[in-house]
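Heads up, the thing below is written out as structure tokens.
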Amino acid sequence: MYDLVVVGAGPYGLSVAAHAAARGLNLRTFGRSMESWHAMPSGMFLKSEPWASHLSDPRGAYGLDAYAATRGVRAAHGVPLPVDFFAAYGDWFARQAVPALDERLIASVAPGAEGFELRTEDGEPLRARTVALAVGVLPFTEVPGPLRGLPRRYVTHSSHHGELDGFAGRDVTVVGAGQAALETAALLTERGAAAVRIVARADRLNWNTLPPALDRGPWPSLRAPHTGLGCGWKNKLYADTPGVFRRLPAATRARIFDSALGPAGAWWLRERFAAIGDVRLGQRITSAAVTGDERLRLDVAGPAGTTVLETDHVIAATGFTPSLDRAGVLSPALRGALRTVGVGGAPEVGGLFESSWPGLFLAGLLTAPSYGPSMRFVLGAEYTAGRLVKGVRQRLRSGVPGGRVGRPRTGEKAAVTA
């Protein structure tokens, strides 16, 4: 039986595994290294600054700058790095800091005697006292209601595309107003799509500005401090104090989660995006149907009423919703027993990233409603990894109740607290 099984091998899973290995835990880590990052189209760039994009190991020896040095590249402030470079960095980090990464996926996690019963995608059974679920964003794709259920020939999510060359000569509608939507639209145009348009509910497009120099004098730094989430005191609070965020009233956390760090394009994309001539703001798709000539007919509602639009394909760049219902790797019994927070049904997370089920720890997007906006970005891996492993070690010392299905009994402590 393993002390810990880490489910997922993106920035959060690899960081948790690195800290657990350094603490001497009997550990297994499963997942395809940096899977969602490798799946992104070539030509995409990191939106975050290199110094805010480190994976986490206890000694800080395997940061993005260390990898860049091995490649003869300088990871400089204000210079965007290609996404495929970042994905290769994650693979390098795994080789340096994570013992024996197993690239099989975990198919199921269920309660078991003394902890959990797991099964790999090819059927191998495993037992673990604790589990860290770090499955990234791919299980939580969000597609607007009218587009759900349509065949992938006509509707996809932006995360579904490794390359966009297949859209050359076609008419493509991109839904959304954030970086994924704007960069996807620019790449489609550059890859030869016949027509590309943006449809977004937002009334205007927001663009991040060129980041100021890191060393810019005491007064500008005091007025708008640099953070891994952008300049400003609000961003500094989100970036530096996720534990404080967790203690805010639930309604306040929900409001901030829904509104903070909203959709915006990177400063370096704006000039390229100017090639997109058809940008329909303040509009939303109300219905969609396949026509007789195998195109999509969209009814689009806006300030001037409803218009009809025909297109070959819709790419929904509409983000991810951290709903527990979409964490299909967890058994129905386990999912049904977890306490949730907010209207979206995200799992409740305690002070050291333990869920309400003893021994089940969470990392990444699923923890953002509890810990704040930084958990939607690579930046949050640094705050998460060491604390989560501390929680695992506390749970191992106190014991893991086994085989129990249902909510914690009255008076029973459901999660490790800081």
Side-chain angles (χ1 to χ4, degrees), residues 1-35 55-58 90 93-94 97-112 114-120 126-140 242 322 324 327 329-331 334-335 338 346-368 370-371 375 378 380-398 400 415-416 418:
M1 175 177 281
Y2 296 101
D3 292 332
L4 171 67
V5 167
V6 179
V7 181
Y12 281 82
L14 294 176
S15 296
V16 168
H19 281 259
R23 289 291 191 175
L25 296 184
N26 182 15
L27 167 76
R28 288 289 297 275
T29 305
F30 290 87
R32 294 171 188 140
S33 177
M34 302 295 283
E35 180 179 20
L55 277 64
S56 178
D57 67 279
F93 180 96
V98 179
L101 172 63
D102 190 322
E103 293 218 335
R104 291 177 296 173
L105 301 181
I106 292 295
S108 65
V109 179
E114 300 181 74
F116 301 89
E117 304 283 348
L118 301 91
R119 192 168 294 274
T120 64
L126 303 162
R127 297 172 63 215
R129 293 184 175 85
T130 66
V131 169
L133 191 67
V135 291
V137 299
L138 292 182
F140 308 108
L324 182 61
V329 67
L330 298 179
S331 71
L334 196 48
R335 268 183 287 143
L338 293 178
E348 181 180 272
V349 186
L352 292 176
F353 292 89
E354 191 171 23
S355 73
S356 60
W357 188 279
L360 177 63
F361 292 80
L362 307 174
L365 181 65
L366 275 174
T367 71
S370 292
Y371 276 93
M375 300 300 149
V378 174
E382 174 67 30
Y383 184 90
T384 300
R387 290 169 174 82
L388 188 153
V389 171
K390 178 181 179 182
V392 166
R393 295 174 72 221
Q394 286 189 12
R395 175 53 64 194
L396 292 172
R397 287 195 295 269
S398 64
V400 181
V416 176

Report task. Give the intermediate values and the outcome of side-chain contact (heavy atoms from CB on, under 4.5 Å) for residues Glu103 and Phe30. Result -> CA-CA 6 Å; Glu103 293 218 335; Phe30 290 87; over 6 Å; no
Query - Shortest non-hydrogen contact between Pro347 and Leu366, atoms and distance - result: CD-CD2, 3.6 Å
Query - Non-hydrogen side-chain atoms of Tyr371 and Thr384 separated by less than 4.5 Å - result: no
Query raised in the report: Does the pair Leu4 and Val131 meet the rule for a side-chain contact (heavy atoms from CB on, under 4.5 Å), with working shown?
Result: CA-CA 5 Å; Leu4 171 67; Val131 169; 5.5 Å; no
Report summary line: Here the gap from Leu360 atom CG to Thr130 atom OG1, rounded to the nearest 0.5 Å, amounts to 9.5 Å
Query - Contact check, side chains of Arg395 and Phe361, non-hydrogen atoms, under 4.5 Å - result: yes
**Report entry** Backbone N/O of Leu334 and side chain of Ser331: donor-acceptor pair under 3.5 Å
**Finding:** yes
Report task. Supply the atom-to-atom distance Leu133 CG to Leu388 CG, rounded to the nearest 0.5 angstrom. Result -> 10.5 Å
Requested in this report: First locate atom CG of Leu25, then atom OH of Tyr2, and finally report the distance between them rounded to the nearest 0.5 Å.
Outcome: 13.5 Å
Report task. Look up atom OG in Ser355 and atom CG in Leu330, then write down how far apart they are to the nearest 0.5 Å. Result -> 8.5 Å
**Report entry** Closest contact, heavy atoms only, Leu101 versus Ala94
**Finding:** CD2-CB, 4.3 Å
Query raised in the report: Which atom pair, heavy atoms only, marks the closest approach of Ser56 to His19?
Result: OG-NE2, 2.8 Å
Report task. Take Leu126 and Arg28, measure what side-chain contact (heavy atoms from CB on, under 4.5 Å) needs, and give me the verdict at the end. Result -> CA-CA 10 Å; Leu126 303 162; Arg28 288 289 297 275; 4.3 Å; yes
**Report entry** Minimal non-hydrogen separation, Leu14 against Val98, with atom names
**Finding:** O-CG2, 3.6 Å
Requested in this report: Could you grab the distance from atom OG of Ser108 to atom CG of Leu118, nearest 0.5 Å is fine?
Outcome: 7.0 Å
Query raised in the report: Is the Phe353 ring parallel, tilted or perpendicular to the Tyr383 ring (thresholds 30°, 60°)?
Result: perpendicular
Query raised in the report: Which heavy atom in Val389 sits nearest to a heavy atom in Arg23, and how many Å separate them?
Result: CG1-CG, 4.0 Å
**Report entry** Contacts of type salt bridge (Lys or Arg N to Asp or Glu O under 4.0 Å), residue Glu35, not counting sequence neighbours
**Finding:** Arg32
Report task. Decide yes or no on side-chain contact (heavy atoms from CB on, under 4.5 Å) for Val5 and Phe116, but give the supporting numbers first. Result -> CA-CA 9 Å; Val5 167; Phe116 301 89; over 6 Å; no
Query raised in the report: Quick one: does Met375's side chain get under 4.5 Å of Pro242's, heavy atoms only?
Result: yes
Query raised in the report: What is the minimum heavy-atom distance between Leu105 and Gly31, and which atoms define it?
Result: CD2-CA, 4.2 Å
Query raised in the report: What distance do Arg387 atom CZ and Leu352 atom CG have between them, rounded to the nearest 0.5 Å?
Result: 8.5 Å
Requested in this report: Can you sort out the partners of Arg129 under salt bridge (Lys or Arg N to Asp or Glu O under 4.0 Å), two or more places apart, ordered by chain and number?
Outcome: Asp3
